[in-house]
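All remarks here apply to the structure that follows.
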There are 2 protein chains.
Amino acid sequence: MDRVRNVTGKTKRLPRYVREQQMLDAAVQMFARRGYHAASMDEVAELAGVSKPMVYLYLGSKEELFLACIRREAGRLLDAFAGQVNQADAPDQQLWHALRAFFVLVAENRDSWRVLHQQAPAHGEPFAGEVAAMRTAIIAFAADLIDQNIRSRGVSEATEHDVSALAHALVGAGESLADWATEHPDEDPATTARRLMNFAWMGLDNLLHGSIWRP
Amino acid sequence: MDRVRNVTGKTKRLPRYVREQQMLDAAVQMFARRGYHAASMDEVAELAGVSKPMVYLYLGSKEELFLACIRREAGRLLDAFAGQVNQADAPDQQLWHALRAFFVLVAENRDSWRVLHQQAPAHGEPFAGEVAAMRTAIIAFAADLIDQNIRSRGVSEATEHDVSALAHALVGAGESLADWATEHPDEDPATTARRLMNFAWMGLDNLLHGSIWRP
DNA sequence: GTCCCTTCTTACTTACCAGTAAGATTACTG
DNA sequence: CAGTAATCTTACTGGTAAGTAAGAAGGGAC
């Protein structure tokens, strides 16, 4: 990221908020590509077009910088979910819209996804906890959809525990497909979402009709 | 890990192979609990009941030590799969046996699982590549089972691409459930395996009978 | 008992990088 | 056009942990 220069060749000054976002952009990229430890503050600063003390002035420390990245990207992901979900829709429609939004977001922000999914959980507290909280919210959303579906059919002897396990499996399948999708950039995110709907929802459908797999 | 002492109070010497395994045990534990970077070679050595230069003498460097951990644990995981699979069984039985072995292994070796699933992929090459290779083998196994099932029913227009996506989703669901299971140590691994069989196989069953989810 | 190979330790060097002190420069404000 | 409140830099310090040099000591072979 070359630094903007004015006519006299001197470096242009930018307001704090703009610089902070540039720093976060640079940090997300570095953390995603090199990993938390291998990414040096000097490199982040250089990529942001700024000197190192500026990063410390605005973001505090390497830990706080990483946390700020995680919070920003986690917020975006949750917003993408929330923005697509309409409580009035049927459960499968809610899941469909949420998944589509998710795969679109991941396709457009691979580095963010790597930071959230691969880097943050591996580097202990407080990073892992922050991502775990986000993931818990997503799993709760999935569990709620499954639960709605169960109740609407009156089928079930499923406990909260059972539903939680299913939600974890569903979210894990989504995460894995997100990784798979980054290796197939040609695929439309909506197609990926359809794949997961079929894999997961059809399985649930079978389950909820009392069709159980036995050893 | 206190060092073994003989009657005179002097430290007991052990043959190289035994020490190496102790070092790897200690390293897996440290890497899993503290993370790759936060785990220091001094701590690993102390936990193994040995001084740091011994670790360097036998295992080479921190990178090689981590790689050795990954290779050993990945090998065990693949062996656990291979040992349970009988080609003569029906596809669902093969998957069932493999999943049960997998969840048993994870329940008994949480640290190994954390190293393979959480630490190794986050710290770049050559670690990520080593785990990716193992994961590719597992996904190929899953894809093969799905494919067998498809062919045996003669149902399908599924491409290799489609099958690969399903296999990725299935494996991701398994990984996520493995994490979930470590938070529920009371649950029998076989029960966890049954959960996944129901979630995944019932979904596939529906798919293969031509029952497709549509937006 | 004594030779000698393997196991094992203490005590050090060195490189890297997070974090900072001190001050220069720009541009807004009255 | 001063005064001043931001933005921004160069040049440094210090702590931490990877990696190593040099040699001590157990224990099997004969």
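Just so it is clear: chains get the letters A, B, ... in the order the sequence lines come, proteins before strands, and each one is counted from 1. Keep in mind the model is a prediction, meaning the values are calculated, not measured.
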key: Considering all heavy atoms, the nearest B/Glu73-B/Ser112 contact   = OE1-OG, 2.9 Å
key: Sugar-phosphate only, base, or nothing, as touched by A/Met54 at under 4.0 Å among non-hydrogen atoms   = base
task = Report the distance from atom CG of B/Leu57 to atom C1' of C/dT9, rounded to the nearest whole Å.
result = 12 Å
query = Looking at A/Arg19, does any N or O in its side chain come under 4.0 Å of the phosphate oxygens OP1/OP2 on D/dC8?
reply = yes
message = Ring of B/Tyr36, cation from B/Lys62 - is the NZ or CZ under 6.0 Å from the centre and inside 45° of the axis?
response = yes
key: Value in whole Å for how far the C1' atom of D/dT9 lies from CD of A/Glu46   = 14 Å
task = Tell me what B/Ala38 touches on the nucleic acid: a base, only sugar-phosphate, or nothing, going by heavy atoms under 4.0 Å.
result = nothing
ask   = CG of B/Asp89 to CG of B/Leu145: how many Å apart, nearest 0.5 Å?
value = 10.5 Å
Chi angles and distances behind the salt bridge (Lys or Arg N to Asp or Glu O under 4.0 Å) call for B/Arg195, B/Glu187 = CA-CA 11 Å; B/Arg195 293 183 191 284; B/Glu187 171 150 311; 2.9 Å; yes
ask   = Which nucleotide in the set C/dT25, C/dA18, D/dT20 lies at the smallest distance from any side-chain heavy atom of A/Lys52?
value = C/dA18
query = Within this structure, what is the CG-to-C1' distance between A/Asp42 and C/dA18, rounded to whole angstrom?
reply = 9 Å
note = Here the distance between atom C1' of C/dA18 and atom CD of A/Glu64, to the nearest Å, is 13 Å
inquiry  = From CD of B/Gln22 over to P of C/dT7, roughly how many Å is that when rounded to an integer?
reply    = 13 Å
remark   = Whole-Å distance, A/Tyr58 OH to C/dG19 P, equals 19 Å
key: Whole-Å gap separating P (D/dT7) and CZ (A/Arg13)   = 9 Å
ask   = DNA chain D: A/Pro15 or B/Pro53, which has the more 5' nearest nucleotide?
value = A/Pro15
task = Could you tell me the separation between the CE atom of A/Met41 and the P atom of D/dC12, rounded to a whole number of Å?
result = 21 Å
